[in-house]
Amino acid sequence: MNITVHHGAGGRFDDLAQRLETVAAETAPLVEVVTVLVLPDTVVIRTLSPRAWLKVHQRRSARLRRDEARGLRAPRRRRRQAKVQHYIQCNGRHRIWPLIGAQVVDFRQGQFELVILPQSVHEAGQLNDQEVLTKVVCHELTHVAQHATDDGAMWRLQDSYYPELRGIADRDYGFLVEGHAYWADRQITAKLLGAPVSLKEISPHATHRYRDLADTLQRAETLQYFTRAVDSVEEIVTTHGLDAFNGVWHRPDLVPTREEASAPVGWMQRFG
């Protein structure tokens, strides 16, 4: 496997870029072992400044909205609603970027990359925390493996501006992909470090800006959501096996509903 790092976040973060390549090379084989999913032959890791990240996200969202409207022949009223949603998303990213340390995204169509915002990692007070870096990288590599499994089809659906036109308005893709990635990074960090790494506690080294964004009821509710998701995945894997769980990447009917994200028992039973 070839791991390529494109460092575009400035010389201040040169050390982080080098560490990313080392950690990715160490954790990538474990991602494949733990998930039984296959990573692509080349994994691209890209570091960006917040300004560059915001700009490419805005272009990506505009492209998705335009292409999807044409492909689905969306009514004019729905196109106007999607345009408003696009602007709301862009404004939201300007506010919350310090919370986005890493993600997997296709800024170039069909090319999913692991994107790191070193400035955000600094804001979180975790720039020099090797254990957190290990967790973040193996979590995002799990997303890369998810992408590779179905050529990104699952993620294209969860980003849809027109879920009702696709018949997926009731599905909760985030519960699936994040629950699975948190489950995997928990297994991998336990193997490498002796115990799972948690990001629930705010670092004492975090900036005031990060604390203002993170120390909220909304974040607490999001953490509860992720806890339900990872516990659900673990229960499915334990009860029905990893092969049964991995059927979800090719069976849209196994994707959890929003109702099941609140009470996951029904989702877990469907794997039986």
A side-chain contact here means heavy atoms from C-beta on lying under 4.5 Å apart; do Val104 and Val115 qualify? no
Any salt bridge (Lys or Arg N to Asp or Glu O under 4.0 Å) pairs touching residues 122-145, not counting sequence neighbours? Glu123-Arg209, Lys135-Asp185
Residues which pass side-chain contact (heavy atoms from CB on, under 4.5 Å) with Val230, listed by chain and number, not counting sequence neighbours: Tyr182, Trp183, Arg186
Holding to ring pair (Phe, Tyr, Trp, His ring centres under 6.0 Å), I want the full list of residues that pass it with Tyr210, two or more places apart in sequence or in another chain. none
Contacts of His122 that satisfy ring pair (Phe, Tyr, Trp, His ring centres under 6.0 Å) - sequence neighbours left out: none
Working to the nearest 0.5 Å, report the span between NE2 of His94 and CZ of Arg51. 8.5 Å
Between atom NE2 of His6 and atom CD1 of Ile116, what is the distance when rounded to the nearest 0.5 Å? 14.0 Å
Is the backbone of Gly8 close enough, under 3.5 Å, to the side chain of Thr47 for a donor and an acceptor to pair up by distance? yes
With no hydrogens and no angle check, do the side chains of Glu178 and His139 hold a donor and an acceptor under 3.5 Å apart? yes
For Asp172 and Tyr225, test the side chains for any donor-to-acceptor distance below 3.5 angstrom and give the result as yes or no. yes
Under 4.0 Å between a Lys/Arg side-chain N and an Asp/Glu carboxylate O for Arg19 and Asp15? yes
Pair listing, side chain to side chain donor-acceptor pair (under 3.5 Å) test, anchored in residues 22-40, at least two apart: none
Would you mind listing every side chain to side chain donor-acceptor pair (under 3.5 Å) that reaches into residues 239-255, with sequence neighbours excluded? Glu235-Thr239, Asn246-Trp249, Arg251-Asp253
